[in-house]
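Reading through the structure tokens given below for one structure.
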Amino acid sequence: MCGLPLISDPNVIVGMDKPDDSGVYKLSEDIALVQTVDFITPIVDDPFIFGQIAAANSLSDVYAMGGKPITAMNIVCFPAKTMEINILKEILRGGMDKLVEAGVALLGGHSVDDNELKYGLSVTGTIHPQRVLTRGGAKAGDLLVLTKPIGVGILNTALKGGVLDAETALVAVKNMIRLNKEASELAQFIGANGCTDITGFGLLGHTCEMALQSGVGIKIDVSSVPVLPGVNEFAKKGVFPGGAHSNRDFRINMVEKGSTPDWLLTVLFDPQTSGGLLISAAPTRAREILSQLLNRGHQGAAIIGEVGGEPKEKIILN
Ligand code: CO
Ligand code: CO
Ligand code: CO
């Protein structure tokens with residue numbers, strides 16, 4: 001996206017000058033559009049589940065802004081010459097399943113013939129223009145709530161290598177297909193200062209984005225970061241997706257790792273698909289968001305750190 005001319009429009013609330021999870025455009029004093037597009041290659045063999053994961057992942061960028069998704073369009077790249085059309089039907093059925101759960105209307109879509117299968121959605125939501133939760137909103141003194149455990153990138157790598165048991169694979173799937181809807185609504189209604197979702201850059205990569213755009217420093221209590229079962233064992237054996245290493249190389253200069261072991265540092269950079277929200281809120285509100293999440297069965301949610309003033313744009317692990 002870099003290098004494109006920026007069109008100045010006073011109604012752009014979040015645009016390409018401050019990249020965020022979604023763009024936000026003000027329509028009136030009461031309502032703004034939240035828009036995003038995302039599509040991915042398959043990470044599981046089951047086409048219905050892949051559709052569910054891709055849709056939850058696409059919806060998440062609207063939830064990460066505190067928005068309410070209302071409409072969506074399918075985006076499909078499908079190898080029609082080599083793959084059965086029933087596979088595509090199952091993918092779309094999986095996507096629709098999550099749209100129904102989210103209360104989102106599917107309006108249409110577009111497909112092209114492509115050698116590599118890809119699926120996702122463009123999603124449009126609404127939000128009050130004064131209630132937009134950006135990555136840049138974290139304030140010194142806030143606590144950080146992470147709403148899902150991390151490690152799906154590592155588990156998916158183990159799955160591809162044929163070394164993941166069925167039970168743990170199912171835990172990973174449940175983590176990915178879980179919508180960030182309730183977490184987003186709680187952040188919005190209880191009140192948060194900033195929010196983003198944890199996806200391809202991993203927990204620390206997205207935490208770095210939040211620190212940079214908010215102009216703050218962040219402390220992470222590594223022992224309180226929720227991790228999916230089996231992840232630490234695979235990490236100690238060096239089972240990582242390539243993205244974990246590149247994420248780490250990209251942002252390691254912002255991180256003071258303290259006594260964090262090397263394998264665990266890489267876990268914290270593990271790229272997530274349809275990961276949780278990272279919500280920055282004043283302490284009483286953060287604790288309320290967490291307790292409501294736990295009440296509603298989001299067992300992986302936790303407070304994982306705090307936002308500080310200095311040193312700015314550094315992530316301190318302890
Ligand atoms: Co995002
Ligand atoms: Co995004
Ligand atoms: Co995205």
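Reckoned from all heavy atoms, side chains included, excluding hydrogens, waters and symmetry mates. Every number for a ligand or one of its atoms is a count from 1 in the order of the listing. Along the sequence shown, the residues carry numbers beginning at 1.
Within the structure, every pair that satisfies the side-chain hydrogen bond (donor to acceptor under 3.5 Å, both in side chains) test and touches residues 221-234, not counting sequence neighbours, is listed here: Asp221-Ser223, Asp221-Ser224.
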Identify all side-chain donor-acceptor contacts of residues 145-173 below 3.5 Å with residues at least two apart in sequence or on another chain.
residue: Thr147; atom: OG1; partner: Leu277; partner atom: N; Å: 2.8
residue: Lys148; atom: NZ; partner: Asn175; partner atom: O; Å: 2.8
residue: Lys148; atom: NZ; partner: Arg178; partner atom: O; Å: 2.7
residue: Lys148; atom: NZ; partner: Ser274; partner atom: O; Å: 2.8
residue: Asn156; atom: ND2; partner: Val152; partner atom: O; Å: 3.2
residue: Thr157; atom: OG1; partner: Gly153; partner atom: O; Å: 2.8
residue: Asp165; atom: OD1; partner: Thr168; partner atom: OG1; Å: 2.8
residue: Asp165; atom: OD2; partner: Glu167; partner atom: N; Å: 3.3
residue: Asp165; atom: OD2; partner: Thr168; partner atom: N; Å: 2.9
residue: Asp165; atom: OD2; partner: Thr168; partner atom: OG1; Å: 3.0

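By the 30° and 60° cut-offs, the orientation of the rings of Phe50 relative to Tyr119 is perpendicular.
The Co ion (ligand 1) is closest to atom OD1 of Asp21 (considering only N, O or S atoms). For Asp61, the N/O/S atom at the shortest distance from the Co ion (ligand 1) is named OD1.
Taking the charged nitrogens against the carboxylate oxygens, Glu101 and Lys181 have no contact shorter than 4.0 Å, which rules out a salt bridge.
The nearest N, O or S atom of Asp197 is closer to the Co ion (ligand 1) than 2.8 Å.
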